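Each remark here refers to the structure printed beneath this line.
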Amino acid sequence: MDWIKKDQQYIWHPFTQMKTAGDPLLITKGKGALIFDQNDNEIIDAISSWWVNVHGHANKYIADKIHEQLLCLEHVIFAGFTHKPAIELGERLLAYLPHQSKIFFSDNGSTAVEVALKMALQYFYNLGEERKTIVALESAYHGDTFGAMSAGGDDGFNEPFKSHLFKIERIATPTQGKEKTAVDQLKKIIHENEVACFIFEPLVQGAGGMIMYEPEILDELISICQENNVLCIADEVMTGFYRTGKMFASNYLKNKPDITCLSKGLTGGTLPLSLTTCNEKIYNAFLSEDKMKTFFHGHSFTGNPIGCAASLASLDLFELESTQNNIQRIVNSHQKFAKKIASHPNASHIRQRGTILALNFKTKTETSYFNSIRDQLYHFFLDQGILLRPLGNVVYILPPYCITDKQLSKVYSIIEKALNEIV
Ligand SMILES: *Cc1c(COP(=O)(O)O)cnc(C)c1O
């Protein structure tokens, strides 16, 4: 049986040009930070399998909790019915987000964003206020559904759908040197439009190229929104669950968002589940005798109990001292590596926020996601047993927290090797 041939017969892979993409690797198992191909070759998963796998692969503790839940209640309709795993998840998670008071379930990051945008727009509809404009950051990524695509950056990926996307006002991502531009643009947009909400990836824009900016400027932007009664949506789908060194990127902020989107690391990387949380002010605007003020949104698998059990197990693991030590260990070790390569002639913009380390490979040609250096680097790393998926010329590490020092060192040394050999 040739599995790869069968794959090519039946499967259409995501973000993949099927005509030119090489054969996919058949993965047969995972263990901690490692995944194994059919010949038992090990690969270090240095990007947590698209940023979801926070506790490593095939984690026994989470697996046991999922198993227990499966045998007890696998799923139940979530309108008119409820269950303990969902309630417990609400209670435990909201304790980490004291500025948020309700959780709303969906099943992936994109839908968490759709829910957030719909909540914000209907909030003003329910209040009888004409506010329709949505503000987002340049180079943003919020997912692949239509609302999420609309809120994303204008970067070519959404070109075929462009005429169907709704209008968004974009402001500069407030990286160093662009803070004032962003503030001025936001003020101008608020002045000239009826703005409903401002959506952003707090502190790190992931898919846009691991672009990082400081909490102080985000605090200022949120404060401008608050003064003008504009709702703030923190898309923490990638930054949540200690990616930035703290449980949530919002923990770095003085001014808190009204709405938060969570997914990716939520279930410890085991099952699709997402949450949109909101504060009391938003929730209250939907309470009414008038049925039209109801939030008419829900998915078949809303509040799936297995996903909730996995999320609770993941929270258990986060509350262990050993996990916290691992996170700190990665933060410190990234810092040392960043220092080591600081003056490498082929590296630029070396940047770190918590457990995320990113750098740009200097190339002579114009760079973009579609640039060939991306493919060259991807295969170079994979040939050395490391899964890194550069975004154009941006190489980043976003590891499961159980990655060992030895595995991390190997990732660093292969990146250095690439810096010396591929430019
Ligand atoms: C990945 C991502 C999404 C989309 O999540 P999916 O589960 O892939 O739909 C949304 N926002 C951010 C910031 C993300 O990184």
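Numbering of ligands and ligand atoms starts at 1, following listing order. Model, not experiment: these values are computed from the prediction.
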task: Could you tell me whether Asp37 and Lys29 make a salt bridge, using a distance below 4.0 angstrom between a side-chain N and a carboxylate O?
output: no
field: salt bridge (Lys or Arg N to Asp or Glu O under 4.0 Å) pairs, two or more places apart, involving residues 96-109
entry: Lys102-Glu280
message: Measuring from atom NZ of Lys281 to atom CG of Asp258, what distance do you get when rounded to the nearest 0.5 angstrom?
response: 5.0 Å
statement: The answer, listing residues by chain and number that come under 4.0 Å of ligand 1 through any heavy atom, is Trp51, Asn108, Gly109, Ser110, Tyr141, His142, Gly143, Glu201, Asp235, Val237, Met238, Lys264
message: Quick check with a 6.0 Å cut-off and a 45 degree axis cone: is Arg131 positioned over the face of Tyr123's six-membered ring?
response: no
field: Electrostatic pair Lys188:Asp184 at N-O distance under 4.0 angstrom
entry: no
Under-4.0 Å salt bridge between Glu227 and Lys187: no
